[in-house]
Amino acid sequence: MNIEQLAAPGVQKLTAYDPGYDPETIRQMLGLPRMVELGSNENGYGPSATVREALQARDFSDLIRYPDAGARRLRAAIAQRWNVDPAAITLGNGSHELLVLIAETFVAPGDEVVFSQHGFAVFKLAAIGSGGVPIEVPALPRSGAQPLGADPIGFANALSPRTKLVYLANPNNPTGTWWRRDALAEFLQRVPHSAVVVIDEAYREYVDESEVPDGLTLSDIHPHLIVTRTFSKAHGLASLRTGYAISSPRLAAVLERTRLTFNVNLYAQVAATLAMADTAHVERVRAANASERAWLSAQLRALGLFVFPSQGNFVLVDFERPAKPIEDAMLRRGVILRPMGGYGLPTCLRITVGLRDENETLLAALRIVLAERA
Ligand SMILES: Cc1ncc(COP(=O)(O)O)c(C=O)c1O
């Protein structure tokens, strides 16, 4: 028997998540002085100054110790910030881990897992990996207000007595599109109580459209609602890998059975606790991103490109021709963008909203690359 057949049935069908390029590896390969990394939706504004100072002040004597498995301080900081019970919080090694943990915990072989076409890639991987049956809801057309976004009616029609888990991202990566409050509330009312619903809010802090609901305000509608968020984006702590889920305490207690005990390390706990308290920093990041996103979108549209509306720290761009040669040419010019072939969008690239000088470098390179191919 070969090694493929030894893997569990779900794993046999799986392809590993594509994490994008490591900037330093690609920089060395290309022999360039620097790379502008706009492929991973990171936060160029960085973390709160209080986080930097606290980490710099440590003497690392505690490197020999296991972290607090219950992450008491961090959970208290999150609970205080969002006015929830600390027992409602599950911490993850990034929210990515939580998305997978939820499927591992609730999905048995044959259970249906509903998510959108062009939805965040981890949804499908988690569904398949846990032996579930992926139910991919066709996206909305490109022509509407939410181009290629999640279709609330399609989601409702995809529900069945076999539905065990529903994943949706608000706003969604990579499309940048969002669910409106009324549509999401109406959908949640229809989801049977034999299913768990995940609202992935990795980009929540960037939202500035009032019609995009805070998932936490919807928790009365469905008893098994889980809202996931992360310190990787607006808090600027992607390297520390910390995310959190908020659900009912009873649901969190079930997740606790499968969570790896020490999945959030000590330095991540210290940093995230301080990051959560620095609301002024997050607000500065939100405001800066919002104005830069509007500026970058306008500049890209002025190049004749189709730019999707976005509530995140990135924009999806449709070049309306195969985007791979454009991505490669940009890479050779030192700009990392995210290809979208794996999302079924081979004519698109996803571009992180960077700092102004990064965005200017991007635009200058793109003008040359598009002119070469005109
Ligand atoms: C929609 C969405 N959810 C979750 C994640 C996972 O982020 P992390 O594991 O860093 O919290 C990402 C990362 O890009 C994302 O785009």
Stepwise side-chain contact (heavy atoms from CB on, under 4.5 Å) check, Leu305 with Leu366: CA-CA 11 Å; Leu305 302 171; Leu366 195 55; 4.1 Å; yes
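- Here the options are Ile226, Thr163, Val191, the test is side chain to side chain contact (heavy atoms under 4.5 Å, CB included), and the partner is Val197; only Val191 passes.
- Heavy-atom neighbours of Glu4 CD from other residues, nucleotides or ligands within 6.0 Å: at or below the threshold of 12.
- Under a 4.0 Å N-O distance rule, the pair Glu205/Lys233 does not qualify as a salt bridge.
- Between atom CZ of residue Phe314 and atom CG of residue Asn289 there is a gap of 9.5 Å, rounded to the nearest 0.5 Å.
- Between Arg27 and Asp22, none of the side-chain N atoms (NZ, or NE/NH1/NH2) sits under 4.0 Å from a carboxylate O, so this pair counts as no salt bridge.
- Using modelled atom types and a 3.5 Å distance limit, the side chains of Asp68 and Gln269 yield no donor-acceptor pair.
- Using a 4.5 Å heavy-atom cutoff, the side chains of Glu42 and Ser232 are not in contact.
- Asp85 and Arg75 are not joined by a salt bridge, as no carboxylate oxygen comes within less than 4.0 angstrom of a charged side-chain nitrogen.
- With rounding to the nearest 0.5 Å, the separation of CG in Asn43 from OG in Ser40 is 13.0 Å.
- In this structure, the side chain of Asp62 does not engage the main chain of Arg65 through any donor-acceptor pair within 3.5 Å.
- In this structure, CG in Leu218 is found 11.0 Å from CH2 in Trp179, a value given to the nearest 0.5 Å.
- Counting heavy atoms from C-beta outward, Phe115 and Val137 have side chains that stay 4.5 Å or more apart.
- Residues Leu165 and Val114 are not in side-chain contact: their nearest non-hydrogen atoms beyond the backbone lie 4.5 Å or more apart.
- Heavy-atom neighbours of Leu32 CG from other residues, nucleotides or ligands within 6.0 Å: above the threshold of 12.
- Remark: the backbone N or O of Glu209 is paired with a side-chain donor or acceptor of Gln311 at under 3.5 angstrom.
- Taking each heavy atom of Ala87 and Ala252 in turn, the nearest pair found is O-CB, 3.3 Å.
- Sparse packing is recorded around CG of Asn83, with 12 or fewer heavy atoms of other residues, nucleotides or ligands lying under 6.0 Å away.
- Heavy atoms from other residues, nucleotides or ligands lying under 6.0 Å from CZ of Arg73 number 12 at most.
- At a threshold of 4.0 Å, the pair Arg356-Glu292 counts as salt-bridged, since one of the basic side-chain nitrogens sits closer than that to a carboxylate oxygen.
- Every salt bridge (Lys or Arg N to Asp or Glu O under 4.0 Å) that Glu256 has, sequence neighbours left out, goes to Arg259.
- Side chain of Arg338 to backbone of Pro174: no donor-acceptor contact under 3.5 angstrom is found.
- Taking a cutoff of 4.0 Å between a charged side-chain nitrogen and a carboxylate oxygen, Arg180 and Glu211 qualify as a salt bridge.
- Closest of all the heavy-atom pairs between Val317 and Val307 is CG2-CG2, 4.4 Å.
- A donor-acceptor contact under 3.5 angstrom links the side chains of Tyr203 and Asn41, judged on distance only.
- Judged by distance alone, with hydrogens and angles left aside, the side-chain atoms of His222 form a donor-acceptor pair with the main-chain N or O of Pro192 at under 3.5 Å.
- Two residues are said to be in side-chain contact when any heavy atoms from C-beta on lie closer than 4.5 Å; Thr177 and Pro147 meet this criterion.
- Between Glu136 and Lys124, the shortest heavy-atom contact is OE1-NZ, 3.4 Å.
- Between Tyr267 and Phe60, the ring center distance clears the sub-6.0 Å criterion.
- Residues Ala145 and Pro309 approach most closely at O-CG, 3.8 Å, considering heavy atoms.
- Side-chain atoms of Asn172 and Thr175 include a donor-acceptor pair closer than 3.5 Å.
- By the 4.0 Å N-to-carboxylate-O rule, Asp328 lies close enough to Lys324 to be salt-bridged with it.
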For Val198 and Leu168: C-alpha separation, side-chain torsions, deciding distance, then whether side-chain contact (heavy atoms from CB on, under 4.5 Å) applies. CA-CA 6 Å; Val198 175; Leu168 57 94; over 6 Å; no
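- Using modelled atom types, one side-chain atom of Asp111 and one backbone atom of Ala108 make a donor-acceptor pair closer than 3.5 Å.
- Checked by atom type, the side-chain pair Glu201/Asn170 shows no donor-acceptor distance below 3.5 Å.
- Rounded to the nearest 0.5 Å, atoms CG (Leu225) and CG (Asp220) are 10.0 Å apart.
- Close placement of the His96 and Tyr17 rings is indicated, their centers lying within 6.0 Å of each other.
- Among Val36, Leu296, Val353, the single residue meeting the side chain to side chain contact (heavy atoms under 4.5 Å, CB included) criterion with Leu362 is Leu296.
- Judged purely by atom type and a 3.5 angstrom limit, Arg181 uses its side chain to pair as donor or acceptor with the backbone of Ser210.
- With contacts defined as side-chain heavy-atom distances shorter than 4.5 Å, the pair Pro134/Val113 does not qualify.
- Formation of a donor-acceptor pair under 3.5 Å by the Ser160 side chain with backbone atoms of Arg162 is found in this model.
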Step by step, would you call Val264 with Asn93 a side-chain contact (heavy atoms from CB on, under 4.5 Å)? CA-CA 6 Å; Val264 180; Asn93 193 264; 5.6 Å; no
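- Heavy atoms from other residues, nucleotides or ligands lying under 6.0 Å from CZ of Arg321 number more than 12.
- Atoms CD and OG1, on Glu358 and Thr352 in that order, are 9.0 Å from each other to the nearest 0.5 Å.
- The pair Arg142-Asp318 counts as a salt bridge, with a side-chain nitrogen and a carboxylate oxygen less than 4.0 angstrom apart.
- Here the closest heavy-atom approach between residue Phe308 and residue Cys348 is recorded as CE1-SG, 4.4 Å.
- Defined by atom type and a distance below 3.5 Å, a donor-acceptor pair is present between the side-chain atoms of Trp82 and Tyr244.
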Under the criterion side-chain contact (heavy atoms from CB on, under 4.5 Å), I'd like the reasoning laid out for Val369 against Arg333: C-alpha separation, chi angles, the key distance, then a yes or no. CA-CA 9 Å; Val369 164; Arg333 291 180 175 276; 3.7 Å; yes
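- Between the side chain of Asp151 and the main chain of Ala139, no donor-acceptor pair closer than 3.5 Å is present.
- To the nearest 0.5 Å, atoms CG (Leu98) and OG1 (Thr228) are separated by 7.0 Å.
- Between Phe123 and Tyr167, the distance separating the two ring centers is shorter than 6.0 angstrom.
- Under a cut-off of 6.0 angstrom, the local environment of CD in Gln12 is crowded, with over 12 non-hydrogen atoms contributed by other residues, nucleotides or ligands.
- Aromatic ring pairs are classed by plane angle as parallel below 30°, tilted from 30° to 60° and perpendicular above 60°; the pair His235 and Phe231 is tilted.
- For Arg52 (side chain) and Ser48 (main-chain N/O), no donor-acceptor pair under 3.5 Å exists by modelled atom type.
- Using a distance-only test at 3.5 Å, with no hydrogens or angles considered, a donor-acceptor pair links the side chain of Gln146 to the main chain of Trp178.
- When side chains are defined from C-beta on, Phe262 does not count as touching Leu260, because their heavy atoms never get closer than 4.5 Å.
- Shortest non-hydrogen contact noted between Ala275 and Leu237 is CB-CD1, 3.9 Å.
- Arg190 CZ: 12 or fewer foreign heavy atoms inside a 6.0 Å radius.
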